[in-house]
Amino acid sequence: MLVYFVRRRKDIPFGWIFLMFSTFIVACGTTHVMDVLTLWHPTYWLSGFIKAITAFVSVTTAIKLFPLIPLALALPSPTQLEAANSQLAAEIAERKRTEEVLRESEERWQLALRGNNDGIWDWNVKTNEIFFSARCKKMLGYEDDEIVNQLKEIWIRIHPDDVDFVNNTIQNHFAQITPFYAAEFRVLCQDGTYKWILDRGQALWDQNGQVVRMVGSHTDITERKQAEATVSKLLAQLEIKVEERTAELKRINTSLQAEILKREEIEKALRESEERFRTAFHQAAVGIAHVGLDGRWLLVNQRLCDIVGYTPQELELRTFQEITHPEDLEAALKYVNEMLIGIIQTYTMEKRYIRKDSSIIWVNITVSLTHTSAGEPKYFIYVVEDISDRKHSQNQIQASIVEKEVLLKEIYHRVKNNLQVISSLLNLQSEYIKDKQDLEIFQKSQQRIASMALIHEKMYQSPDLARIDFGEYIQDLVATLFSSYEVQEGSISLNLNLDNHVLLGLDLAIPCGLIVHELVSNSLKYAFPLGGKCEIDIDIRQNSQQQSIITVSDNGIGLPPNFDFKNTASLGWQLVDALIYQISGDINIVSNNGVKFQIIFPLI
């Protein structure tokens, strides 16, 4: 039984002692059996031999047992074993809990690596081994197994112009000059292009101040860098345009001084009217209300009650439809329906309210719609402003503008009449002049005055009192000249190529009209002494440089050789020279198979 026990429980310590005890017990039992057998069969030698074996086994067991006693006493008792088992169970439970926490931490780390759009790296500074996350490699176009975890893998891909900068930034952080490491540089991708990377990290120092580890991240900032470059380019272009526009505005301001002086009185009146309007607008109180989807006033403030003349209690018993003027109700309901179905988010309109005393008041309302947490319409928010004073001011301004337009038209009309009177006086006076040259001077003066009178007549008839259609004016002017010089129909062909969009103010129209008058008059008087197929061409157009070009040409005999109109004694040519200087223009003269005059001047 002891042999069986030892064989089954091989974990029992000192199992050999059980085998020796089993041998001793069997030997003792055999000795007793032999003592009984010697009563009948005196086999003393066999009995003695068995006793000798038993004695040897017992002595050997005793000898072996003697050094075993201290070791057996050192074995833990059941209480100690139970305490050790409890402590071991607690340690096992703590280890399992720690392993679970580590497993969860590892899962979160792996999830962060997979889910973060940034690349993660971990650098063992002492061994120069570095861990790159899969995203870090994917960012550069590589698979996870195409880049090994060695520091050189990143250094060989940094743009050569950025290597020194990155190295200095890292060394400054290692020297604790900068608390954090952050650098922007370019990295070579698998397709041969460069990406901009924002590299950030934090080093770990040992007790001796030596860096042992550094952990950081890579962020792709290529799109941001491209956007910054685009913005810089746009800013540079904008600065150039601003400088060009500033120079242009200076030129415009210079040329507008005369017009500003002429309109000073009108603008002063308008500014005073606008200031009165703004003062009334900013000092006015604003009505605020909550209005239900059915139009009922849910909550109103006192200013709204003052505007419509109702008390809060009276107003909350009514709807906005009841106090809206019937002519404005359809438009208001149209906006409300568009807000309810989601076409618009807010609207602003001017409408009329009917006050409690039945008077009409103009208001400007701004309406927005609030929603419940489920997205359903809840109620409207109304902001109501009394604009009756503004409406009244607008009517006054409109009446003032109409009055000033009538006054300007009357001025143009009277100037035209006065010029026509002067022209008639010259005509009457010319009847007493016998000298042909003096008579011609009077007639030319009369024609010039008539051309200026025609401009004032066009200004009077123009819908824009500041400018006239210069092409239409030239048609009438040339027709008048043909009539004055009694040109027979068909003897001289007139070709007009007039841009209908050339609009000139009074300060340009008068000198340009006089210039065309002089040039066409010269062609009619001197260009065709031989007759034949006579043609006069007039071309008026604008170019892309904000310039007007007037071209007057004929196919007559042309100008005399070495003709210089600036040094001629003719009053007409002197007048042309002075007028071109007045409009800041240039004249080009070509005398070949006739003569061609081209005048170029700025519109501003």
Side-chain angles (χ1 to χ4, degrees), residues 117-119 138-141 157-169 172 178 180-200 217-261 263 267 270-271 274 278 344-346 348 464 466-467 469-471 499-505 507-508 512 539-551 580 583-586 588 598-604:
N117 196 38
D118 293 344
K138 191 71 175 180
M139 193 181 298
L140 303 179
R157 290 176 173 83
I158 297 178
H159 194 282
D161 295 341
D162 299 336
V163 171
D164 292 339
F165 165 72
V166 176
N167 185 57
N168 292 336
T169 305
N172 288 337
T178 57
F180 301 100
Y181 161 70
E184 296 179 359
F185 53 88
R186 292 159 289 181
V187 179
L188 182 64
C189 300
Q190 189 183 35
D191 58 4
T193 62
Y194 279 94
K195 276 189 176 182
W196 276 97
I197 297 297
L198 171 58
D199 195 17
R200 293 172 289 189
S217 65
H218 281 175
T219 304
D220 186 356
I221 59 171
T222 303
E223 293 183 359
R224 192 195 78 189
K225 283 291 185 179
Q226 292 173 348
E228 290 176 353
T230 302
V231 170
S232 298
K233 183 178 180 181
L234 292 175
L235 287 175
Q237 294 176 351
L238 180 60
E239 289 179 358
I240 294 174
K241 290 186 178 295
V242 169
E243 292 178 356
E244 294 175 351
R245 183 59 178 166
T246 301
E248 182 181 357
L249 287 175
K250 289 181 179 179
R251 294 193 298 270
I252 294 173
N253 289 335
T254 302
S255 61
L256 286 177
Q257 291 300 320
E259 183 178 356
I260 291 175
L261 293 175
R263 299 188 180 184
E267 291 181 353
L270 290 175
R271 283 196 302 270
E274 184 178 358
R278 288 184 178 276
I344 59 175
Q345 302 298 321
T346 183
T348 300
D464 184 353
R467 300 182 297 174
D469 185 339
F470 193 66
D499 189 345
N500 294 329
H501 300 290
V502 178
L503 300 176
L504 298 181
D507 52 346
L508 286 177
C512 289
D539 180 88
I540 300 175
R541 57 187 175 85
Q542 292 180 353
N543 61 19
S544 59
Q545 286 77 35
Q546 292 294 307
Q547 293 176 325
S548 279
I549 302 174
I550 300 176
T551 305
I580 290 175
I583 63 176
S584 302
D586 296 315
N588 298 320
Q598 186 179 68
I599 298 95
I600 303 174
F601 60 94
L603 290 178
I604 299 175

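These numbers come from the heavy atoms of this one structure, side chains and all, not from hydrogens, waters or symmetry mates.
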Any salt bridge linking R251 with E248? Criterion: basic side-chain nitrogen under 4.0 Å from a carboxylate oxygen. no

N/O donor-acceptor pair under 3.5 Å between N167 side chain and V163 backbone: no

Roughly how far apart are I583 CD1 and S548 OG, rounded to 0.5 Å? 9.0 Å

F601 side chain reached by I580 side chain, heavy atoms, under 4.5 Å: no

So I252 and R245, side chain to side chain contact (heavy atoms under 4.5 Å, CB included) or not? Walk me through it. CA-CA 10 Å; I252 294 173; R245 183 59 178 166; 4.3 Å; yes

For the CD atom of E244 and the CD atom of E239, what is their distance to the nearest 0.5 Å? 12.0 Å

Tell me whether Q545 at atom CD has more than 12 heavy atoms from other residues, nucleotides or ligands lying less than 6.0 Å away. yes

Distance in Å, W196 CH2 paired with Q226 CD, rounded so as to fall on 0.5 Å steps: 11.5 Å

Are V187 and K195 close enough that some pair of their side-chain heavy atoms sits under 4.5 Å apart? no

Atom CD of Q237: over 12 foreign heavy atoms under 6.0 Å: yes

Where is the tightest heavy-atom contact between P602 and S584, given as atom of each residue plus distance? CD-O, 3.3 Å

Side chains of M139 and I197, heavy atoms from C-beta outward: is any pair under 4.5 Å? yes

Partners meeting side-chain contact (heavy atoms from CB on, under 4.5 Å) with D162 (sequence neighbours left out): I158, H159, F185, R186

Option from N588, I600, D539 for which side-chain contact (heavy atoms from CB on, under 4.5 Å) with T551 holds: D539

Is there a side-chain contact between D199 and V166 (heavy atoms, below 4.5 Å)? no

Could you state the interatomic distance from CG (D164) to OG1 (T169), rounded to the nearest 0.5 Å? 10.5 Å

